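Report on the structure given below.
All ligand and atom numbering here is 1-based and tracks the order in the structure. Keep in mind it's a predicted model, so treat the numbers as computed, not measured.
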Amino acid sequence: MEKLSPLQIERLKYQPKLPSSLAGGINNLEMAEGSATQSVRDQEQIKELFKNTYGKPVVTFEKGSSSRNLPSKNVGVILSGGQAPGGHNVIAGLYDALKQANPENKLYGFLGGPSGIIDGKYVEFDDKFINAYRNTGGFDIIGSGRTKLETEEQFQKSLEVCKKLNITAVVIIGGDDSNTNAALLAEWFVKNNTGIQVIGCPKTIDGDLKNDQIEISFGFDTATKTYAELIGNIQRDANSAKKYWHFIKIMGRSASHVALEAALQTQPNITLISEEIEQKKMSLESIINYMCDIIVKRADMGKNFGIAVIPEGLIEFIPEMKSMISNLNDIMASLENDPDFVNATTIRDKFDIVENRLDPANAKVYNSLPALIKGQLLADRDPHGNVQVSKIETEKLLIEMISTRLESLKSQGDYIGKFNPQSHFFGYEGRCAFPSNFDADYCYSLGFNAFALISFGLTGYLSSVRNLTETADKWVAGGVPLTMMMNMEKRHGEMKPVIQKALVKLDGPVFKQLEENREDWALNDRYLFPGAIQYFGPSCVCDVTTCTLQLEKSRELASV
Ligand code: FBP
């Protein structure tokens with residue numbers, strides 16, 4: 001028998017909680033419909049592209065008064081994009097609801113992400129299979145991938161695979177890009193009268209798939225708690241040895257939600273927020289000045305140590321970099337099949353090709369960067385056309401520039417300290433942790449709810465579970481049309497319909513919390529040490545969710 005750790009054994013026994021509407025049973029639900037919806041922007045274009053799925057109402061489930069008799073149904077599920085804690089529980093919740101509805105129902109898992117449905121690679125789940133993954137982290141139950149589902153050929157192949165398995169509903173568990181795929185597939189299935197439904201589930205540690213109906217994507221809770229634990233540990237180390245400045249880049253892609261949340265949980269000396277840097281049009285030089293100012297002041301107090309938290313996507317928000325990267329993205333799309341570029345023998349040759357094509361102002365910015373960063377900016381875009389910011393070592397760029405600036409300040413007698421920097425990147429460490437109790441419950445509910453949406457014949461919807469700062473029984477289950485969240489954006493050099501990313505709101509309560517305290521945190525060490533996620537013990541430790549969700553919800557409550 002496979003050997004399991006004590007925590008694995010105990011977590012397998014955990015029974016996730018459901019909202020009371022769903023706990024009453026899948027066959028005992030009623031659905032309430034809201035009014036027609038529209039996309040967040042570019043309504044005419046989105047409506048034209050999603051003629052069959054646009055404008056549907058938001059729906060909510062309530063415990064019903066009579067039992068529904070549900071026909072048997074086969075469902076396929078896909079894990080898409082980056083891992084996020086709780087994905088296994090979404091599948092477990094979906095499986096339990098589907099079997100509760102009708103024991104004849106079958107759940108198939110497509111292997112390796114969206115490519116599984118195209119290539120017909122799948123497994124069929126049974127109790128033994130599912131039970132081994134309950135409340136565990138990771139996506140290893142069926143694997144994940146980043147294939148973009150968008151071509152007629154891919155849709156046709158997906159249809160053939162679904163027909164072969166008699167699948168009439170597909171659940172895509174993914175972030176903004178993956179749920180854009182879900183919306184495209186849903187539309188195509190309706191347009192072609194296939195009778196196959198598509199439902200999405202909001203996954204991503206990045207926390208950027210949220211709106212009025214989706215309070216948070218799953219995985220954010222666990223990942224941010226994991227990073228906060230690590231930052232807290234480093235703060236204690238820094239405060240003990242008092243000799244290092246730690247520059248910690250935190251995963252989260254474009255938006256700074258993850259870095260902001262981890263900072264609120266730990267109160268480091270410096271926290272950069274990309275959205276603020278963009279709004280204030282701060283150049284790279286002014287960011288360096290801001291950071292050096294704090295380093296110098298702390299050195300004057302005899303503190304040659306500190307912690308700086310840096311969001312992963314920072315580089316894309318610095319105005320001169322943003323303009324250069326946007327220009328570079330178009331160039332990279334045009335160079336994809338260019339033999340001179342593809343076969344260039346040295347990285348310097350690639351730099352030259354790119355520099356010659358960039359607009360002069362952008363070429364100047366590109367050229368000013370260290371070779372390490374220039375090379376990293378040329379790495380392949382992901383299948384959705386995004387720069388892979390996880391591969392750009394912004395923390396090292398900042399360290400290099402700060403060191404140079406401090407040397408110059410020292411030579412002028414304006415800096416008396418010692419600068420010993422350490423760089424870290426926390427990302428993958430948090431994506432597959434055992435889901436916190438919150439994520440375990442939320443994910444299970446999202447999966448169970450996805451089948452509720454299927455059972456009412458809906459398609460092109462995202463599974464939505466709200467009211468998340470209350471106890472799980474008071475959570476509100478329902479669905480939100482995917483088209484409601486969409487707008488047009490440039491990808492791979494072309495305008496495409498995509499789900500709009502939610503960035504940090506600078507007038508929102510979460511950023512305000514940082515803004516009001518950061519001067520104090522910069523010089524007076526107010527470090528917090530959240531410690532490891534606790535799964536068993538007092539509810540005030542085990543069941544609290546993030547500062548982000550609590551602050552956002554309390555503002556919402558205050559404005560009622
Ligand atoms: P998703 O949008 O797919 O959820 O991405 C999550 C994420 O962890 C980002 O924070 C990060 O930039 C990216 O994935 C890293 O991608 P990869 O796993 O391909 O290295």
So, Ser274 and Ser256: side-chain donor and acceptor under 3.5 Å apart, yes or no? yes
As a test of understanding, state which of Lys281, Lys512, Arg518 forms a salt bridge (charged side-chain N to carboxylate O under 4.0 Å, His left out) with Glu276. Arg518
Looking at Lys157 and Glu153, is there a salt bridge between them, counting it only when a charged N and a carboxylate O are closer than 4.0 Å? yes
Under 3.5 Å, side-chain donor or acceptor atoms of residues 257-267 against the rest of the protein: list the pairs with distances, not counting sequence neighbours.
unit_1 : atom_1 : unit_2 : atom_2 : d
His257 : NE2    : Ala502 : O      : 2.6
Glu261 : OE1    : Cys547 : N      : 3.2
Glu261 : OE1    : Thr548 : N      : 2.7
Glu261 : OE1    : Thr548 : OG1    : 2.5
Glu261 : OE2    : Gln265 : NE2    : 2.5
Glu261 : OE2    : Cys547 : N      : 3.0
Thr266 : OG1    : Ala262 : O      : 2.7
Gln267 : NE2    : Arg526 : O      : 2.7

List in chain and number order the residues that pass ring-ring contact (aromatic ring centres under 6.0 Å, His included) with Phe50, two or more places apart in sequence or in another chain; answer none if no residue qualifies. none
Partners of Tyr122 by ring-ring contact (aromatic ring centres under 6.0 Å, His included), sequence neighbours excluded? Tyr108
Tell me, which residues have any heavy atom less than 4.0 Å from some atom of ligand 1? Gly81, Gly82, Arg146, Lys203, Thr204, Ile205, Asp206, Met251, Gly252, Arg253, Glu312, Ser390, Tyr428, Arg431
